[in-house]
2 protein chains.
Amino acid sequence: MKQKPTLKVIAKELDVSVSTVSKALRDSKEIGEETKNKVKAFAKLYNYKPNNIALSLKNKKTKTLGVIIPEIVHHFFTTVISGIENYANEKGYNVIVGLSNESFKKEVINLEMLANGSIDGFIISVAKETLSAKDYHHLYETIDQGIPIVMFDRVIDEIECDKVIVDDIKTSEKAVQKLLNSGCKHIGIISTKDYVSVGRLRTEGYINALKSNGIDVDKNLILKIDDKFNSDDNLEFLEQQIFDYFESNDVDGLFAVNELYAITAMKVARQKGLSIPNDLQIIGFTDGVLSKHAFPPLTTISQHGFEMGEEAAKLLIERLENTDDDEEAFKTTVVKTDIIERETTKL
Amino acid sequence: MKQKPTLKVIAKELDVSVSTVSKALRDSKEIGEETKNKVKAFAKLYNYKPNNIALSLKNKKTKTLGVIIPEIVHHFFTTVISGIENYANEKGYNVIVGLSNESFKKEVINLEMLANGSIDGFIISVAKETLSAKDYHHLYETIDQGIPIVMFDRVIDEIECDKVIVDDIKTSEKAVQKLLNSGCKHIGIISTKDYVSVGRLRTEGYINALKSNGIDVDKNLILKIDDKFNSDDNLEFLEQQIFDYFESNDVDGLFAVNELYAITAMKVARQKGLSIPNDLQIIGFTDGVLSKHAFPPLTTISQHGFEMGEEAAKLLIERLENTDDDEEAFKTTVVKTDIIERETTKL
DNA sequence: TCTTACAACTACAACGATTTCGTGTTGATA
DNA sequence: TATCAACACGAAATCGTTGTAGTTGTAAGA
């Protein structure tokens, strides 16, 4: 086992000073050609690489980004991470991932654990529990300590920071409009409780679309699922709610604010003998593997998670590397969405 | 913006020495009660938290684990990460994620980037490109530098390190046996090329099961897909291969070595008018969202990714914290598998 | 011959924390 | 009164690296 060499051991070995080695490797003109070559050759031979931790301490920069998300077993979030990683690596940054599991407490712990020097900035999608409790002190404190935050997807309006979102309202309007155009008369929505910002906004878009088409909004057609926790755990509960919804409502078009709701709705509809898309057309928000491989393949809204991740990383790194200390204004990037037409909607 | 206080500023503020502050906070008996209380109160007030980077430098331990996986938009891998995170966080460790995207080069870069002090140890599932190129120098070098590696899922036999695997052979035997028991006469397998260890082993299990039932192995029934890259990208290619396979072979039972192959096979079978499970029974390896929500729901083998992650983290952390320098022998943990019976198989 | 300039290097401080080894004061004991 | 232990604290080294500020030695210029 050969330990990584340090400047010190190289210096001793070559009988020069540590500073000389450091400078030689950084190609400083203070050092003579001969010595430089000698040092470089030696360093290469022993595969010297500067110690990141020491550099971090010195530079007060870790070149790593902290990403905190509610869950990782989730297509959208992993797509975003992918985008973050991609951009971050290009710029020489690493990515530490922290999972909140939708828990406020875990989110706080993760944030504090990483805020002690481990990372230069955060990219966060806030936990549902945080959203419903409206306790944002940990976020304020982090920002107050000079650690920049970029929020994506689930965003808190009142916090001033960079944000990457999708125009949930407009996109939802577009989706519902498509349903309308395809002949749907009674369009329902399966959404989340209002404390989840994206759920609230998508519901708003749904309502807007109906109104602008002169259709009265029937509150019964708006189903707001309450799932504070990982939705995979209470699938039966979800199914039951959707089942009841179908029992008491007669819809021919359905807009679901996420993939799981859409897929589950399809399943329940199938149980009830409904034919998709003939009896019922469905559009889901967020495109994932489920939609793609569903039967029939689900028409969805692509949020372009990869681009969102890239954009978030870009905003963060730009802020980190902006040395002219005239504080740049916070930006909110709106990533475009697309409707991916598959087979749960008619043309 | 209030910067995080350091020991130095606390010391200056309270007019004591840095050492005194440090000791007071660590409750050393060298420091008088009065001073201790004063320091602690002040530290609490200003929310002092020791700087992780400084600690890492001093202790030569970063308390972070490096996880390198081929892709993150993948149910199995995210489940494993979940398990790793869970165990690691419990033990006070953080997790840095690096993606190889199945590329040898990116794997090497990631490894080297993190091996320079950023992490204490690695958890790796090797990229397909690395596997097919059989170039493992980066792994050997890492281990040689004293950085422990734990491999999971895609494992390299000849490298000595801790490993977490599933008994691919036995599990596949079990699956094929189940197909046999359910009345299948002509069982096929959709596998990967042999350089992917798990593909090779699962094929081996398939062959074993047939042989031990006195059935001749028909090479034509073994389809080995070649996908060096992200399988999502060449879905049509996959479909085409499976389509051709069905054209030239008549099977009533199918064992697929991963979820995507199974789901795609179902899709192709449906196109060909086959009824599942009446005309064709299918079992897929690796349980994910797709299987659960497929129509009909797919019978699969659960690999218990979460447990695999926990186990990998456990092995790694145990090795890291094992201070008695009698090198512990390398362990290979075999995580149990289960067949999750859903609706693509008969009882 | 004495500056002066320059090349080529070294010493030292600093980043933030811990830890070992002192050191000065107090009170008790011989 | 001299000695010593206990107590409470401080100085300095250390981790690995970099940047600034010296410190040499040599050669050119006056």
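By convention in this document, chain letters (A, B, ...) are assigned in the order of the sequence lines, proteins followed by strands, and residues within each chain are numbered from 1. Just so it is clear, the structure is predicted and the values come from calculations on it, not from any experiment.
- Distance from the side chain of A:L7 is smallest for D:dT18 among the nucleotides C:dG16, D:dT18, C:dT18.
- Nearest nucleotide to the B:E30 side chain, out of D:dC9, C:dT10, D:dT17: D:dC9.
- Considering only side-chain N and O atoms, B:T6 lies nowhere under 4.0 angstrom from the phosphate OP1 or OP2 of C:dG16.
- By the 4.5 Å heavy-atom criterion applied to side chains, B:V95 and B:V67 are counted as neighbours.
- Judged by distance alone, with hydrogens and angles left aside, A:K49 brings no side-chain donor or acceptor close enough to the base of D:dT17 to form a pair under 3.5 Å.
- A:N52 places its CG atom 20 Å from the P atom of C:dC15, with the value rounded to the nearest Å.
- The phosphate of C:dT19 has neither OP1 nor OP2 within less than 4.0 Å of any side-chain N or O from B:S22.
- Checked against C:dT10, C:dT20, C:dA17, the side chain of A:T20 finds its nearest nucleotide in C:dT10.
- At a cut-off of 3.5 angstrom, the base of D:dT17 holds no donor-acceptor pair with the side chain of A:K23.
- The 5' end of DNA chain D is approached more closely, in terms of each residue's nearest nucleotide, by B:K36 than by the other of A:Y48 and B:K36.
- Counting heavy atoms from C-beta on, the side chains of A:V150 and A:F122 never come closer than 4.5 Å.
- Remark: B:D162 engages B:R319 in a salt bridge, criterion side-chain N to carboxylate O under 4.0 Å.
- Between the side chain of B:S19 and the base of D:dA11, at least one donor-acceptor pair of N or O atoms lies under 3.5 Å.
- Contacts of residues 56-65 of chain B with DNA chain C (heavy atom under 4.0 Å): B:K58.
- Between B:D120 and B:K63 there is no salt bridge, since no side-chain N of the basic residue sits under 4.0 Å from a carboxylate O of the acidic one.
- When rounded to the nearest whole Å, the span between CG of A:D15 and C1' of C:dA8 equals 15 Å.
- Taking atom CD1 of residue B:I53 and atom P of nucleotide D:dT14, one finds them 22 Å apart after rounding to whole Å.
- Between A:K8 atom NZ and D:dA13 atom P there is a gap of 12 Å when expressed in whole angstrom units.
- Spacing between atom CG of B:N51 and atom C1' of C:dT18 amounts to 13 Å, rounded to whole angstrom units.
- Rounded to a whole Å, the CZ atom of B:R26 is 13 Å from the C1' atom of C:dG16.
- Inter-residue side-chain proximity for A:V21 and A:L14 is flagged as unmet; no heavy-atom pair is nearer than 4.5 Å.
- The residue from B:I81, B:I69, B:D153 that alone fulfils the side-chain contact (heavy atoms from CB on, under 4.5 Å) condition with B:F76 is B:D153.
- In this structure, A:K105 and A:E129 have side chains that are not in contact, with every pair of non-hydrogen atoms separated by 4.5 Å or more.
- A:V18 comes within contact range of at least one nucleobase, with a heavy-atom separation under 4.0 Å.
- In this structure, A:K12 places its NZ atom 14 Å from C1' of D:dG16, rounding to the nearest Å.
- Ionic pairing of B:D27 and B:K40 is present here: one or more N-O contacts between side-chain nitrogen and carboxylate oxygen are shorter than 4.0 angstrom.
- The separation between A:E33 atom CD and C:dA8 atom C1' is 12 Å, rounded to whole Å.
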